[in-house]
Amino acid sequence: MSLHVGKKTHVGNVRSNNEDAYFIRWPLLAVADGMGGHKAGELASALALETLAASAWDEPSADTEVRLRSAIEAAHRRIVDAVAADEGLRGMGTTLTAVVVGEQRLYVAHVGDSRAYLWRDNALQLLTTDHSVVAELVKAGQLDAHDASRHPQRHVLTRAVSGAAAPEVDMIIKDVLPGDTVLLCTDGLTAHVADEEIAAVLKAASHAQAAADELVRLALEGGGSDNVTVVVARAEQSEVSR
Ligand code: MN
């Protein structure tokens with residue numbers, strides 16, 4: 001399987017710095033949405049992606065899940081060390097949604113409220129669960145989706161890669177078929193662009209970069225209240241015969 005990848009990150013219309021980041025190097029794709037004062041959020045997302053990138057990733061195998069989990073634990077420890085060395089970084093953290101895409105399977109490791117979606121057969125599936133206060137209220141039936149989108153605590157996470165406790169990592173394993181598209185995004189996209197609009201973009205786009213550009217454009221047009229980052233990866237049959 002070969003991956004055709006499009007990506008884009010934008011500071012948005014309101015914020016002065018971009019604490020989001022992405023990393024792309026086959027077969028690993030990842031997005032991170034940092035939080036913390038001053039430059040701490042940018043540092044947290046960068047440290048998390050750097051730590052993931054430092055592991056050797058190749059065709060997924062039986063130990064991919066274990067390796068993803070240990071890379072995220074290592075990212076957590078780097079953030080703990082950075083906070084210990086500089087009191088000004090206290091409270092920094094990041095979401096982390098990473099996927100390793102192989103010939104047959106994809107492995108999604110996820111902490112926080114960035115998301116992974118799978119577009120297949122003209123249908124959009126959300127693969128991840130948001131680790132946020134609001135998502136838990138919705139799940140418990142205490143809040144509906146409309147109120148959730150305006151809730152004052154909609155950015156408050158229940159899990160993050162941070163200097164606090166080691167993160168509990170969700171792992172989602174799916175089969176991969178030619179034509180599948182994986183979308184990773186930060187909440188700056190989903191705050192403004194509904195799933196139906198995301199589906200329409202993925203359906204209409206001629207290539208992955210066109211989809212990434214259009215999704216970010218819609219988030220900015222919808223308000224751009226946050227940093228916005230998208231990675232779009234389309235799996236296509238390799239031309240190599242096997
Ligand atoms: Mn965000």
Side-chain angles (χ1 to χ4, degrees), residues 6-24 29-50 52 72 75-76 79 89 91-99 108-117 126-138 143 145 147-164 167 169-170 182-195 197-198 201 212-232:
K7 73 279 185 187
K8 188 159 191 142
T9 187
H10 194 288
V11 68
N13 298 331
V14 176
R15 309 247 169 142
S16 58
N17 56 340
N18 191 347
E19 300 179 325
D20 283 3
Y22 62 78
F23 179 80
I24 298 164
L29 314 163
V31 298
D33 178 349
M35 67 214 72
H38 303 287
K39 296 276 177 189
E42 281 166 80
L43 181 63
S45 55
L47 280 178
L49 293 182
E50 254 176 59
L52 266 190
I72 293 174
H76 160 66
I79 292 175
L89 299 175
M92 78 171 176
T94 186
T95 72
L96 186 57
T97 303
V99 54
V108 182
H110 167 68
V111 179
D113 68 349
S114 300
R115 290 182 177 176
Y117 288 92
L126 176 59
L127 299 181
T128 49
T129 304
D130 294 348
H131 301 142
S132 68
V133 170
V134 158
E136 291 191 2
L137 289 172
V138 171
L143 196 67
D147 291 339
S149 68
R150 283 140 208 277
H151 195 281
Q153 286 193 301
R154 65 189 178 278
H155 298 299
V156 179
L157 299 182
T158 50
R159 295 192 214 172
V161 183
S162 73
V169 179
D170 285 351
V182 176
L183 166 66
L184 303 183
C185 61
T186 59
D187 66 331
L189 178 72
T190 46
H192 298 295
V193 186
D195 285 4
E197 295 174 273
I198 293 173
V201 170
D213 291 343
E214 178 61 7
L215 289 170
V216 170
R217 193 191 68 76
L218 289 173
L220 297 176
E221 187 182 80
S225 61
D226 192 5
N227 307 147
V228 53
T229 301
V230 300
V231 172
V232 179

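We count residues from 1, following the sequence as given. Note that ligands are numbered from 1 as they come in the structure, with each ligand's atoms numbered from 1 the same way.
Two residues are said to be in side-chain contact when any heavy atoms from C-beta on lie closer than 4.5 Å; Tyr117 and Ile198 meet this criterion. Contact annotation: the side chain of His151 approaches that of Leu137 to within less than 4.5 Å [non-hydrogen atoms, C-beta and beyond].
With respect to the Mn ion (ligand 1), Asp226 has OD2 as its nearest N, O or S atom. Residue Asp33 approaches the Mn ion (ligand 1) most closely through its N/O/S atom OD2. The Mn ion (ligand 1) lies closest to atom OD1 when only the N/O/S atoms of Asp187 are considered.
Remark: of the listed residues Thr97, Asp170, Asp130, Thr97 is the sole one forming a side-chain hydrogen bond (donor to acceptor under 3.5 Å, both in side chains) with His110.
Residues Ala109 and Ile72 share a closest heavy-atom pair of CB-CD1, 3.7 Å.
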